[in-house]
Protein chains: 2
Amino acid sequence: MNEAQIQSLRPDWELAREEFVAQWGALGSHWGINRTMAQIHALLMTAPEPMDTEQIMARLHISRGNANTNLRELIGWGLIRLIVKKGERREYFEAEKDVWKMFITIAKERKRRELDPALLVLKQCAEQTQTETAGPGKAFHDQMKELQEFVEFGMKVSDTVASMKHASALQWAMRLLS
Amino acid sequence: MNEAQIQSLRPDWELAREEFVAQWGALGSHWGINRTMAQIHALLMTAPEPMDTEQIMARLHISRGNANTNLRELIGWGLIRLIVKKGERREYFEAEKDVWKMFITIAKERKRRELDPALLVLKQCAEQTQTETAGPGKAFHDQMKELQEFVEFGMKVSDTVASMKHASALQWAMRLLS
DNA sequence: AAGAAGTTTCAGAACTATCTGAAAACATAG
DNA sequence: CTATGTTTTCAGATAGTTCTGAAACTTCTT
């Protein structure tokens, strides 16, 4: 069976899905996530059933190694989980579909990867210039301090939001927006 | 004068600054921003005076072309501005130092670059599957809708926060955290 | 108008990230 | 223990991004 025939057998929504997967991948690479990883995530997010490695390889035209690496990476992020069906040796994968949970997971992970190391740098730089009491040295120290406090503050907000249930977050946000 | 001599003449805080610039650059490349751009930004953010292209090239050991490209890019982000000193032809650059303003600028720009195109994709996919009324097609449509609403919601929150003055944002956040 | 001082552009070089494919490791069943 | 189906690893290939350096361009001065 050739591509065109397969295409014609595929229900309508699958076309939209294909589009979603492709575009999501392109977007991913705009924001520091690698294209394939984003595509796999999009694919699983819209899968009615858990999928195995072979299926993913086939749908995305990628190699086994690539699929495997990115699946592990996604598991590392906590965005998908491994499913073992009884009586089957093969591993299946399934994505978290709840949007709020997904958001929390991504927020936590980004905090860990982006904010934590930044904070470390800022603290060190602030510390090393403790003794400066005037002039540009003082100005530098103050700036590092300000940045540090801002980042710490952002982290607190992020933690608070992340610990909320969807409903209370919504309520809180409504208050903000009104 | 050799490197070591220059080094010894540099006041203490400059060492911390050097560290900050280097580390900030490394961080930048972790989150989708290119290394040089992040370094230039860090350098200008901690500069007591506006700097010109030559100075930046010398401090970071980069070529004129590279410096120029990334300076324009930073101007595009709205993170630095061009300063023309009277009676001088040379262009100087200065970074916004207020942390809150910097945050707003980055947030707006990221919204424009990350959220806007994502929303477009989601809307299209939701639209194309309007007619699905059951089964996996419906599930797909619903998921797109949920994502769309979530992103729109996030954008509203981001707009609201971005329009706040530092003081009122702080007040608002205090309420959240307590 | 010619020269000086500066900025911008861009083709190719250097570097980095990602992907492939085949081999090795692992797990299960017989 | 061996055969078989599956996952993991990793060296090298490929693709993508960033950087250089020199030439072209612009602007100002005399």
Side-chain angles (χ1 to χ4, degrees), chain A residues 21-44 50-77 79-94 113-114, chain B residues 21-44 50-77 79-94 113-114:
Chain A
V21 170
Q23 295 290 322
W24 209 247
L27 284 176
S29 47
H30 259 279
W31 13 322
I33 293 157
N34 107 31
R35 188 205 308 297
T36 307
M37 190 173 140
Q39 285 185 339
I40 295 178
H41 184 227
L43 188 65
L44 288 173
M51 296 175 78
D52 67 31
T53 308
E54 298 285 341
Q55 292 173 309
I56 293 167
M57 285 164 61
R59 286 288 293 238
L60 302 179
H61 304 290
I62 58 175
S63 73
R64 187 174 301 284
N66 194 7
N68 185 71
T69 307
N70 284 294
L71 283 165
R72 299 304 136 192
E73 188 79 355
L74 279 165
I75 289 176
W77 271 74
L79 288 169
I80 66 174
R81 61 178 152 276
L82 206 140
I83 301 277
V84 199
K85 301 194 179 178
K86 358 177 189 181
E88 278 213 58
R89 195 124 120 225
R90 185 175 313 193
E91 293 174 338
Y92 288 80
F93 302 92
E94 179 184 69
R113 292 173 187 231
E114 300 182 358
Chain B
V21 170
Q23 295 291 321
W24 209 247
L27 284 176
S29 47
H30 260 279
W31 13 321
I33 293 157
N34 106 33
R35 187 206 308 298
T36 307
M37 190 173 140
Q39 284 184 340
I40 295 179
H41 184 228
L43 188 64
L44 287 172
M51 296 174 79
D52 66 33
T53 308
E54 299 284 342
Q55 292 173 310
I56 293 167
M57 287 164 58
R59 285 289 293 237
L60 301 180
H61 304 289
I62 59 174
S63 73
R64 189 173 299 285
N66 193 7
N68 185 69
T69 307
N70 284 294
L71 283 165
R72 300 304 135 192
E73 187 79 355
L74 279 166
I75 290 176
W77 271 75
L79 287 170
I80 65 175
R81 60 178 151 277
L82 207 141
I83 300 277
V84 199
K85 299 194 180 178
K86 3 179 184 180
E88 277 212 58
R89 182 113 54 96
R90 186 174 313 190
E91 292 174 340
Y92 288 80
F93 302 92
E94 180 184 67
R113 292 172 188 230
E114 301 181 359

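So that the names make sense, note that chain A is the first sequence line, chain B the second, and so on, each numbered from 1.
- Between B:Arg64 and the phosphate of C:dT8, there is no side-chain N or O to OP1/OP2 separation shorter than 4.0 Å.
- Within 6.0 Å of atom CZ in A:Arg35, 12 or fewer heavy atoms from other residues, nucleotides or ligands are found, so the atom counts as exposed in its surroundings.
- Of the residues B:Leu44, B:Asn34, B:Ile56, B:Val21, the one that meets the side chain to side chain contact (heavy atoms under 4.5 Å, CB included) test with B:Gln39 is B:Val21.
- Electrostatic pairing of A:Arg90 and A:Glu54 does not count as a salt bridge here, judged by no charged N lying under 4.0 Å from a carboxylate O.
- A:Arg72 and A:Glu91 are joined by a salt bridge, as a carboxylate oxygen and a charged side-chain nitrogen come within less than 4.0 angstrom of each other.
- Residue contacts shown for A:Asp52 are absent, as no nucleic acid heavy atom lies under 4.0 Å away.
- Straight-line distance from the CD1 atom of B:Ile83 to the P atom of C:dT7: 14 Å, rounded to whole Å.
- Residue B:Thr36 places its side chain closer to D:dT18 than to any other of C:dT8, D:dT8, D:dT18.
- The side chain of A:Asn68 sits closest to D:dT7 out of C:dT7, D:dT7, C:dC19.
- For B:Arg35, the side-chain atoms get nearest to C:dT16 when compared with the rest of C:dC19, D:dT18, C:dT16.
- The base of D:dT27 lies close enough to the side chain of B:Arg89 for a donor and an acceptor atom to sit less than 3.5 Å apart.
- Here the nucleotide nearest the side chain of B:Ile62, chosen from C:dC19, D:dT20, D:dT7, is D:dT20.
- The distance between atom CE of B:Met51 and atom P of C:dT7, rounded to the nearest whole Å, is 14 Å.
- Not one side-chain nitrogen or oxygen of B:Asn66 sits closer than 4.0 Å to the OP1 or OP2 atom of D:dG21.
- The separation between B:Met57 atom CE and D:dC19 atom P is 14 Å, rounded to whole Å.
- The separation between B:Lys85 atom NZ and C:dA5 atom P is 18 Å, rounded to whole Å.
- One interatomic measurement links the two molecules: CD of A:Glu73 to C1' of C:dA17, which rounds to 13 Å at whole-angstrom precision.
- Of the possible donor and acceptor atoms, one in the side chain of A:Gln55 sits under 3.5 Å from a partner among the backbone N and O of A:Asp52.
- Here the side chain of B:Arg90 is nearest to one of C:dT7, D:dT7, C:dG6, namely C:dG6.
- In this structure, CD of A:Glu91 is placed 17 Å from P of D:dG5, rounded to the nearest angstrom.
- Considering only side-chain N and O atoms, A:Asn34 lies under 4.0 angstrom from the phosphate OP1 or OP2 of C:dC19.
- In this structure, CZ of B:Phe93 is placed 9 Å from C1' of C:dT7, rounded to the nearest angstrom.
- Rounded to an integer number of Å, the gap from NE2 of B:His61 to P of D:dG21 is 13 Å.
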